[in-house]
> 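My questions will all concern the structure given below.
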Amino acid sequence: MSRKLKYSIFRYNPVDPDSKPGMQEFFLQETENLNLFVALNILREVQDPSIQFDFCCRAGICGACAMVINGRPGLACRTKTADLPDQVSLLPLPGFRLVGDLSVDTGSWFRAMNEKIRSWVHTDKEFDPQEQEVCMDNRVAEKIYELDRCIECGCCIAACATAQMRVDFLGAVAMNRIARFMIDPRDKRGHKDYFEVVGTDQGIFGCMGLLGCQDVCPKNIPLQDQLAYVRRKMGWQALRRLMPGQA
Amino acid sequence: MRVIYTDLLCIGAGLAGERVAIEAAQAGFETVCLSLVPSRRSHSSAAQGGMQAALGNCIKGHGDCPDVHFQDTVKGSDWGCDQEVARMFVDNAPVAIRQMDYWGVPWNRVVAGRSCYYKGGERLEKEEPLEKTGLITARDFGGTARWRACFCSDGTGHAMLYTLDNVAVKYGVQVHDRTEALSLIHNGEQCLGAVVRCLKTGRLLAYLARATLIASGGFGRIYRASTNAVINEGGGQIIALDTGVVPLGNMEAVQFHPTGIVPTDILVTEGCRGDGGTLLDVKQERFMPGYEPEKAELASRDVVSRCMHEHMARGLGVKSPYGDHLWLDIRHLGREHISVKLREVDEICKNFLGIDPAEQLIPVRPTQHYSMGGVRTDKNGAAYGLKGLFSAGEAACWDMHGFNRLGGNSLSETVVAGMIVGRKIVEFLQGHEISLNTGLVRNELKKQQERINRLMSRDSGERVYDLRNRMQDILMDYVGIFRNEKDLNTAVDELREVLHRTGNLKLSSSGTGADPELALALRLPGMVRLALCVAYGALERRESRGSHARQDYPARNDRDWLVRTLACWPESRDLPRLEYEPATRIVEIPPGDRGYGGGGVIS
């Protein structure tokens with residue numbers, strides 16, 4: 001006999017003056033291999049077509065569907081109901097502007113973050129279409145890819161105590177991105193340049209080391225290591241700035 | 001009336017849209033990309049296995065060059081492609097990939113020395129020479145004569161999209177995400193922009209631009225089962241078709257990928273088979289060599305999908321509550337290879353199937369995957385029918401894929417077409433001004449607002465989701481891998497009926513703000529029109545070519561059908577008007593044998 005699951009879903013439509021924030025309950029019979037992507041779409045198609053939530057690839061690749069599932073940030077598409085108790089509470093990710101119900105505006109947040117940390121390869125070299133690519137050790141390429149796997153889902157921000165207290169904190173996602181450029185030989189920025197963008201309380205020095213980010217990252221990116229790496233490099237850079245004649 | 005003006009408006013912010021946008025932004029033009037989702041969530045991010053570019057760095061790619069890539073692409077297309085475009089594409093792919101490398105994509109590299117690899121089930125050895133160490137390497141893919149698919153593990157699209165979006169940020173390309181273009185603003189000759197609905201607030205805006213690009217990806221979601229992201233509902237093709245003057249090319253050319261997983265239809269990359277994975281039947285025996293002795297699992301996708309379909313029809317599929325399927329076996333590749341080179345596949349199997357692909361078989365079957373058809377453009381990416389309108393990527397029918405796209409050629413197309421079309425748009429912007437007729441803009445805004453008002457005020461009518469599901473089921477049942485006149489006639493008749501019923505949609509919700517039901521209700525009639533372009537185009541094309549396989553016309557007919565279908569939709573009709581043009585004006589390789597797939601040819 002399959003379970004009847006109770007879903008408590010946060011509902012609020014900010015552009016509707018009659019809408020009041022609150023939890024709404026839905027019931028749905030569990031079927032084999034059910035995940036939250038399928039369940040939420042059935043609820044929308046059959047019970048309430050106005051529920052807002054975000055899915056895109058529904059394969060754990062694009063990061064669109066992060067939400068707080070029974071108190072923990074995660075990707076809804078790859079959360080199987082079999083792994084959940086009879087009662088499922090779904091809340092939008094904190095730390096991002098609410099669009100409605102479970103849908104939040106991650107796009108603006110990440111764009112601003114990427115602008116702030118200047119998230120691109122910095123080089124003086126012009127691209128020459130006639131030239132062969134610059135050689136790179138495959139191990140370096142794989143190390144960069146390891147960090148490049150971040151899908152900007154926002155789970156690390158939702159799980160970060162600092163980010164919840166100060167809106168301008170850049171979070172683990174940004175530190176991981178900086179670490180990615182630090183190990184990329186194509187990026188010619190030095191530690192001084194990186195210090196300009198993350199050597200602050202909004203950056204690496206705001207991190208309290210609680211590491212909720214590492215616990216919830218759906219891609220299992222070693223965020224703890226990246227935070228430590230960037231903190232070490234930026235810590236040295238901060239000391240260097242204190243010495244006369246060293247900027 | 002709220003109006004936003006820009007030089008270039010890109011509808012879509014995936015790889016193709018952003019690559020074009022960057023070209024324009026670098027030339028100093030103001031560029032705005034519209035996107036249904038934040039740009040980095042575009043479906044480009046889901047491309048896994050690789051990007052084809054004839055670099056010939058790795059030993060198994062030795063001797064590769066654009067000419068070989070060209071032959072593979074034309075054969076893959078079953079001679080349905082425009083050969084002039086295919087030639088431009090292959091010649092520019094090496095430049096495009098090196099530019100992506102320059103911008104920061106961490107391509108996997110050649111590692112010197114001996115290593116083993118698998119072909120079919122067999123373990124073989126290769127030795128990479130020292131002098132190529134550190135250059136971009138490649139893996140094997142279907143329908144190619146050399147190893148040519150360059151990759152970053154199996155997250156190639158993701159790595160490329162993040163890199164390109166970084167460059168877009170650098171050059172100040174604006175992305176207005178969570179917006180949807182509802183219609184193009186045009187005067188029958190010139191495109192002037194689009195009417196756009198904000199998906200955060202529900203508000204309508206007019207975007208006016210000197211040039212407009214449609215780069216909104218494919219329309220796979222008109223099928224019930226598709227590997228595509230849920231946003232791939234054909235928005236770009238719909239607004240082009242709705243102009244009545246812009247034709248869509250080869251809409252009947254729909255690709256089914258051999259390895260969608262069962263259930264959920266999520267893709268696992270062709271790289272699985274490229275790296276030596278095999279397909280097994282219910283007896284856990286390989287069957288592809290029986291159909292394709294030479295290429296086996298690495299024949300082109302249309303061919304492998306047909307063989308799988310036939311094999312299951314012979315009762316050799318595996319029964320499951322979700323219908324028959326076959327097995328993909330990558331166990332012999334080993335845990336280390338899977339966790340490094342097929343990492344997404346590993347995650348997908350564990351998270352969505354609860355299986356470990358290093359130990360267990362993966363349930364797969366052919367699943368709708370790619371739209372070769374789309375907004376018909378010339379070789380410069382300029383759409384037929386309206387000046388100032390361009391298209392690139394999967395949204396377009398540029399047309400280098402003809403009736404079957406090779407794996408790895410789509411990622412490649414996004415950045416190559418983006419580069420070429422981007423340059424042409426820059427030239428266009430340098431010499432093209434528009435004069436704005438505010439009445440025209442106001443009318444188009446009013447027309448869209450009235451559609452919304454009608455939907456929000458109707459008291460009784462058809463349910464939006466029911467009709468969408470009906471359309472999807474018709475395509476699944478009658479316009480699949482194998483087609484015939486009887487089924488296609490049924491599909492056309494039933495889709496016409498569904499189209500008629502979409503004129504009477506009723507919302508169950510209030511429709512306020514970013515209401516998702518309203519968004520679908522606005523899109524649905526257009527989706528059904530796209531479905532009719534596919535079904536009617538397939539009905540009329542009385543031959544088999546590439547992915548279009550007619551049981552009643554099994555031969556490729558180069559005598560009568562070496563043509564591209566052009567579908568236009570004049571207002572107030574319930575069927576598209578079909579016209580035809582030669583598939584290619586320049587012929588480098590005359591039609592011949594593909595080397596796989598069998599089948600007769602009428603010449």
Side-chain angles (χ1 to χ4, degrees), chain A residues 13-16 32-33 35 44-46 48-52 54-64 78 80 99-100 103 105-108 110-111 114-115 118-121 123 125 127 129 131-138 140-145 148-152 184 186-187 219, chain B residues 37-41 43 45-46 95 98-99 101-104 106-111 133-137 152-153 155 158-159 162 165-167 169-170 175 177-178 200-202 229-231 263-264 266-267 321 340 344 347-348 351-352 354 464-465 507-510 512-517:
Chain A
N13 185 352
V15 297
D16 179 358
E32 202 191 339
N33 266 315
N35 60 34
R44 178 146 91 187
E45 285 189 29
V46 179
D48 187 341
S50 69
I51 310 176
Q52 293 183 47
D54 297 319
F55 286 99
C56 185
C57 77
R58 58 79 173 88
I61 289 169
C62 79
R78 60 183 223 190
K80 295 191 275 289
V99 175
S103 172
D105 180 7
T106 51
S108 311
F110 283 104
R111 171 74 186 218
N114 282 311
E115 284 172 2
R118 304 169 66 77
S119 171
W120 57 86
V121 166
T123 177
K125 193 173 159 270
F127 174 66
E131 230 176 66
Q132 192 173 254
E133 67 271 23
V134 177
C135 287
M136 185 188 280
D137 188 311
N138 191 53
V140 175
E142 285 182 348
K143 255 174 91 179
I144 298 169
Y145 177 72
D148 232 5
R149 291 183 308 113
C150 168
I151 54 174
E152 296 191 355
D184 191 331
R186 291 166 295 198
D187 193 340
K219 293 312 236 188
Chain B
V37 292
S39 45
R40 293 182 188 212
R41 314 216 189 287
H43 193 47
S45 71
V95 177
R98 288 177 176 132
Q99 188 172 42
D101 180 66
Y102 164 82
W103 277 331
W107 299 108
N108 274 69
R109 305 288 167 150
V110 175
V111 179
T133 305
L135 295 174
I136 297 170
T137 193
C152 307
S153 182
H158 166 88
Y162 270 56
D165 196 57
N166 281 341
V167 178
V169 172
K170 175 183 172 183
V175 179
D177 69 23
R178 290 171 181 272
K200 293 175 189 166
T201 62
V230 299
I231 53 171
T264 74
I266 295 169
L267 177 78
V340 176
E344 284 298 333
E347 275 191 24
I348 288 167
N351 288 314
F352 293 92
V464 182
Y465 289 104
L507 300 182
S508 313
S509 53
S510 68
T512 51
D515 188 87
E517 192 190 20

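We name chains A, B, ... by the order of the sequence lines, and we start the count at 1 in each one. Note that the coordinates shown come from a computational prediction; the quantities given were computed from them, not determined experimentally.
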> Nearest 0.5 Å please: distance from the CD atom of Q132(A) over to the CD1 atom of I136(B).
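Going from the CD atom of Q132(A) to the CD1 atom of I136(B) covers 9.0 Å.
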
> Please determine, among S50(A), P49(A), G107(A), the option with the most heavy-atom pairs under 4.5 Å with chain B.
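Of the candidates given, the most pairs with chain B belong to P49(A).
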
> At what distance, to the nearest 0.5 angstrom, does OG of S45(B) lie from CD of E152(A)?
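These two atoms lie 11.0 Å from each other.
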
> Between CG of N108(B) and CE of M136(A), what distance do you get to the nearest 0.5 Å?
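Rounded to the nearest 0.5 Å, the CG-CE separation comes out at 10.5 Å.
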
> Is Y102(B) close to chain A through its backbone or its side chain, or both, or neither, when contacts mean heavy atoms under 4.5 Å?
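Both parts, heavy atoms under 4.5 Å.
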
> With chain A as the partner, which of S509(B), P321(B), S39(B) has the greatest number of non-hydrogen pairs under 4.5 Å?
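Counting heavy-atom pairs under 4.5 Å, the top option is S509(B).
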
> Report yes if the side chains of V169(B) and S119(A) come closer than 4.5 Å at any heavy-atom pair, otherwise no.
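No, their side chains stay 4.5 Å or more apart.
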
> Taking atom CZ of R78(A) and atom CD1 of I266(B), what is their separation to the nearest 0.5 Å?
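With rounding to 0.5 Å, CZ (R78(A)) is 10.5 Å from CD1 (I266(B)).
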
> For A141(A) and P106(B), work out which heavy atoms get closest and say how close.
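A141(A) and P106(B) have their closest heavy atoms at O-CB, 3.6 Å.
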
> Is R44(A) in contact with chain B via its backbone, its side chain, both, or neither, using a 4.5 Å heavy-atom distance?
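Both parts, backbone and side chain.
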
> List the residues meeting salt bridge (Lys or Arg N to Asp or Glu O under 4.0 Å) with R186(A), not counting sequence neighbours, and say none if there are none.
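Result, salt bridge (Lys or Arg N to Asp or Glu O under 4.0 Å) vs R186(A): D184(A), D101(B).
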
> How about F110(A) and P38(B): do any of their side-chain heavy atoms sit closer than 4.5 Å?
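A side-chain contact under 4.5 Å is absent here.
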
> Who among G513(B), A46(B), A514(B), A159(B) has the most heavy-atom pairs with chain A under 4.5 Å?
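The candidate making the most pairs under 4.5 Å is A514(B).
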
> Top residue by heavy-atom pair count (under 4.5 Å) with chain B, among D105(A), N13(A), V46(A)?
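If we count pairs closer than 4.5 Å to chain B, D105(A) comes out on top.
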
> Taking all non-hydrogen atoms of both residues into account, name the closest pair between E45(A) and Y465(B) and its distance.
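That would be CG-CD2, 3.4 Å.
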
> Among residues at least two apart in sequence or on other chains, which ones pass salt bridge (Lys or Arg N to Asp or Glu O under 4.0 Å) with D177(B)?
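D177(B) satisfies salt bridge (Lys or Arg N to Asp or Glu O under 4.0 Å) with K200(B) only.
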
> Quick one: what part of I348(B) sits under 4.5 Å from any heavy atom of chain A, side chain, backbone, both or neither?
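Contact with chain A: side chain only.
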
> What part of D54(A) gets closer than 4.5 Å to chain B, counting heavy atoms only: side chain, backbone, both or neither?
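Just the side chain, heavy atoms under 4.5 Å.
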
> Pick whichever of D148(A), I151(A), I51(A), V140(A) has the most heavy-atom pairs under 4.5 Å with chain B.
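Highest number of pairs under 4.5 Å: I151(A).
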
> At a 4.5 Å cut-off on heavy atoms, which part of E142(A) comes close to chain B: side chain, backbone, both, or neither?
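Answer is side chain: those atoms of E142(A) sit under 4.5 Å from chain B.
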
> Looking at every heavy atom in both F352(B) and G60(A), which two are closest together, and how far apart are they?
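Nearest pair, atom of F352(B) first, then G60(A): CZ-N, 3.9 Å.
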
> Under 3.5 Å, side chain of R41(B) to main-chain N/O of C62(A), donor-acceptor pair present?
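Here the side-chain-to-backbone pair exists.
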
> Would you check if R40(B) and T106(A) make a side-chain contact, meaning some heavy-atom pair closer than 4.5 Å?
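They are not in side-chain contact.
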
> Kindly compute the distance separating OG1 (T133(B)) from CG (D137(A)), expressed to the nearest 0.5 Å.
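Between T133(B) OG1 and D137(A) CG, I get 9.0 Å after rounding to 0.5 Å.
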
> With rounding to the nearest 0.5 angstrom, report the CZ to NE2 distance, R149(A) to H158(B).
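Answer for the CZ-NE2 pair, R149(A) versus H158(B), is 8.5 Å.
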
> So which of R111(A), E131(A), E32(A) has the largest heavy-atom pair count under 4.5 angstrom toward chain B?
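When all of R111(A), E131(A), E32(A) are compared, R111(A) has the most.
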
> Taking NZ, NE, NH1 and NH2 as the nitrogens, is one of them in K219(A) or E347(B) under 4.0 Å from a carboxylate oxygen of the other?
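E347(B) and K219(A): salt-bridged.
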
> Might you point out which heavy atoms bring V95(B) and P129(A) nearest each other, and give the distance in Å?
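So the minimum-distance heavy-atom pair works out to CG1-CB, 3.7 Å.
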
> Report yes if some heavy atom in the side chain of C135(A) is under 4.5 Å from a heavy atom in the side chain of R109(B); otherwise report no.
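Of all side-chain heavy-atom pairs linking R109(B) with C135(A), none is under 4.5 Å.
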
> List the atom of R178(B), the atom of S103(A), and the distance in Å for their closest heavy-atom pair.
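That closest heavy-atom pairing would be NH1-OG, 3.2 Å.
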
> V175(B) versus chain A, heavy atoms under 4.5 Å apart: side chain, backbone, both or neither?
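Both backbone and side chain.
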
> Among I61(A), T123(A), D16(A), who wins on heavy-atom pairs under 4.5 Å with chain B?
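Sorted descending by pairs with chain B, the first entry is I61(A).
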
